[in-house]
There are 2 protein chains.
Amino acid sequence: MTSSARASHNQDGHTAPPSRPEAESVGHDVSSGDARAELAALLSGRRLTPVQRRLAQYVTEHHGQVAALGAGELAERTGVSQPSVTRFAQALGFEGYPGLRRWLRELRTDGPSTSQRHVAEGAPEVKRLQQAVADEVANLQYLEAQLMSEPTALSRAGTRLTGSPVLPIIGLRASAAIVEHVRFFAAKIHGGVRTVTHAGSMGADTLEQCASAGATAALVIALPRYPRETIELLRQARKRGLWVAAITDTVPGPVHRDADVALQAPVGDRLVFDSHAAAALMAGLLLDAMAEAGGTQAQRRLEAFERHASEQQAFWPH
Amino acid sequence: MTSSARASHNQDGHTAPPSRPEAESVGHDVSSGDARAELAALLSGRRLTPVQRRLAQYVTEHHGQVAALGAGELAERTGVSQPSVTRFAQALGFEGYPGLRRWLRELRTDGPSTSQRHVAEGAPEVKRLQQAVADEVANLQYLEAQLMSEPTALSRAGTRLTGSPVLPIIGLRASAAIVEHVRFFAAKIHGGVRTVTHAGSMGADTLEQCASAGATAALVIALPRYPRETIELLRQARKRGLWVAAITDTVPGPVHRDADVALQAPVGDRLVFDSHAAAALMAGLLLDAMAEAGGTQAQRRLEAFERHASEQQAFWPH
DNA sequence: GCATTCTTGCATGCTTCCATTCGCACCGTT
DNA sequence: AACGGTGCGAATGGAAGCATGCAAGAATGC
């Protein structure tokens, strides 16, 4: 039974084809994008448990590497048990984990070292969108560059913002969406979040109330095209002694001069409307820094929320 | 208890550095472009037998895949015996074949663009953030893959949504920020935008009113962790005959089954809170498709807004 | 509210894969 | 021509990896 076989093809039937209609050998090289689509097709419409979902997500995001991983290693990286990995593969229709591994290996017959080679193909319309995506990728990488050049900016902002008993978050018009995003998450680790998303005297009043209530810091979202009121609110905050962090685009402007820390998040401008992917990520990084600065207290608050949520069975399958 | 206590001379727990004198401690992590050079450096100046030379050639040409291959399979593909593969790995200075495999795996830590080189340099905290950024870059590239595999999904959604006289945009909790983003911009090219960001009867009522007012399509934002109400609203919309586009994350779930078009936007989960950069970009792409579908009418509306804005000098000059 | 089903991690037996030993073939040397 | 050396593949023992039974906990349905 030992391998007297140089069997060039698997006659053992291990590579059980998934429930897809045709399982022809897709030997020709597949771009990493198609691989993900293929993978998504395999997963779609399948009933998966929460742990399996986590695995599915990891596999879709790292399908190239997973092919080189053992079941135990994959389990370790995703924080699940090794049997769960086996069951995950079986749930996808494979005989076992090795079957999934082989399938992943065949998906990427050729290593996609660089992923920007298929831009030229496709319709011009698609190409325009692809360039927009490429722009946003560059914008995200600009954030990474900031992490290197100014590694303390985020943590400083996180500490200051978390330390403020009352925390006003200011952003008008298009920036209001980011404000809403930050508000939603920041409220889980900070009890005094206030938002200012409307200009005029109402916004100024809210800010004033925050300052009177003991606020020591504020966050300003100033993405283009921000109205004068944004700057006026920023200056009002400074005048009241608030330490101000700002998320703004790269163009040097009044925000850079007036804010204590300016976090740059370039906007994508290739589409009809501005795209705020980099700002969304920067907000996420800032929230992370705030949670970090909050320490155990923030942690406890967060856990309390999780408990509350699961008690209420508020979410889908989880 | 795992029997790891055994100090067999195999498992060094770390990638065994080749015995080359110049071999740096740990191959610092090399972007995949340097992988071949790194590999060549490892092979150069080493005395190899003919069979090993054949193996070396195959490994250099397919280093990406070899990391996913077992010793037996590599032997089969190169037409040599399995022990020769082991000896080859040992000749290169590794403890055995698994050592070579691990080394190859590290070579291509992860392909896409991000300069992983500096990651090892900085503090672990910075590294964590950089990986989060890298994740989001991968998520954005996943959008690009979708553009290729499903080039019509966006335009179909844009046409349907723009064509609806009244356009409800649904998204609860964390997704409400994306809803706000879309609402802000969509209002510039569409006169009937409504938003549903709160669960309960109020949301259902709003949706009902939209349907009664002639809505033919709806947009649902369903990023994790979405509550049951999101699905209920989605189904209510479908029940009323609305055509539903959804922006959701990659994991297959009820949204994929119930929506007419599911636009996948993976969320970044390396930070304390989810990051929605990909969803923000997908929203931008969708808005673009809507503007495209709106044609001259949308264009006129947009221009009218621009005129209005500049007349009022509402914005800071860029 | 309780029973039932489901999910997940732990422990364990089994399978696969890998390293080693041995024998044979080839080659250069005496 | 004989011999020592070397390279290679076949066979085997051992180790790592993988799959399955089992129990605890959670979710769900009645």
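Every chain is numbered from 1 and lettered A, B, ... according to where its sequence line falls, protein lines coming before strand lines.
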For this session: Quick one: pull up CZ in F88(B) and CG in L55(B) and give me the separation to the nearest 0.5 Å.
Result: 5.5 Å
Problem set entry | Between CH2 on residue W243(B) and CG on residue L219(B), distance to nearest 0.5 Å | 9.5 Å
Seminar exercise, completed: Distance col, row E232(B):CD vs Q236(B):CD, nearest 0.5 angstrom, shows 9.5 Å
For this session: List for me each residue that meets side-chain contact (heavy atoms from CB on, under 4.5 Å) alongside A246(B), sequence neighbours excluded, and say none if there are none.
Result: V220(B), V255(B), A259(B)
Exercise. When the distance from CZ of R54(A) to P of dG9(C) is rounded to whole Å, what number comes out?
Worked result: 8 Å
Exercise. Which listed nucleotide (dT8(C), dC18(C), dC8(D)) is nearest to the side chain of V51(B)?
Worked result: dC8(D)
Exercise. Does S84(B) place a side-chain N or O at less than 4.0 Å from the phosphate oxygens OP1/OP2 of dG9(D)?
Worked result: yes
For this session: Can you measure from CD1 (I178(B)) to OG1 (T197(B)) and round to the nearest 0.5 angstrom?
Result: 13.5 Å
Exercise. Within the pair S81(A) and dT8(C), is there a side-chain N or O less than 4.0 Å away from OP1 or OP2?
Worked result: no
Exercise. With sugar-phosphate meaning primed atoms plus P, OP1 and OP2, does V85(B) contact a base, only sugar-phosphate, or nothing at under 4.0 Å between heavy atoms?
Worked result: nothing
Exercise. Where the side chain of P83(A) is concerned, which of dC10(C), dA19(D), dA19(C) is the nearest nucleotide?
Worked result: dC10(C)
For this session: Provide, to the nearest angstrom, the distance between the CG atom belonging to L69(A) and the C1' atom belonging to dA16(D).
Result: 15 Å
Problem set entry | Rounded distance in Å - CG (L74(A)) to P (dA19(D)) | 12 Å
Problem set entry | Length of the line joining R87(B):CZ and dC18(C):P, which is rounded to integer Å | 15 Å
For this session: Could you tell me whether the phosphate oxygens of dT20(C), OP1 or OP2, come under 4.0 Å of any side-chain nitrogen or oxygen in Q90(B)?
Result: yes
Exercise. Can you tell me how far C1' of dC17(C) sits from CG of L100(B), to the nearest Å?
Worked result: 15 Å
Problem set entry | Nearest-Å distance for atom pair OH/C1', residues Y97(A) and dC18(D) | 11 Å
Exercise. Between L92(A) (CG) and dA19(D) (P), how many Å, whole number?
Worked result: 13 Å
Seminar exercise, completed: Separation of dA19(C) atom C1' from Q82(B) atom CD, nearest Å, is 8 Å
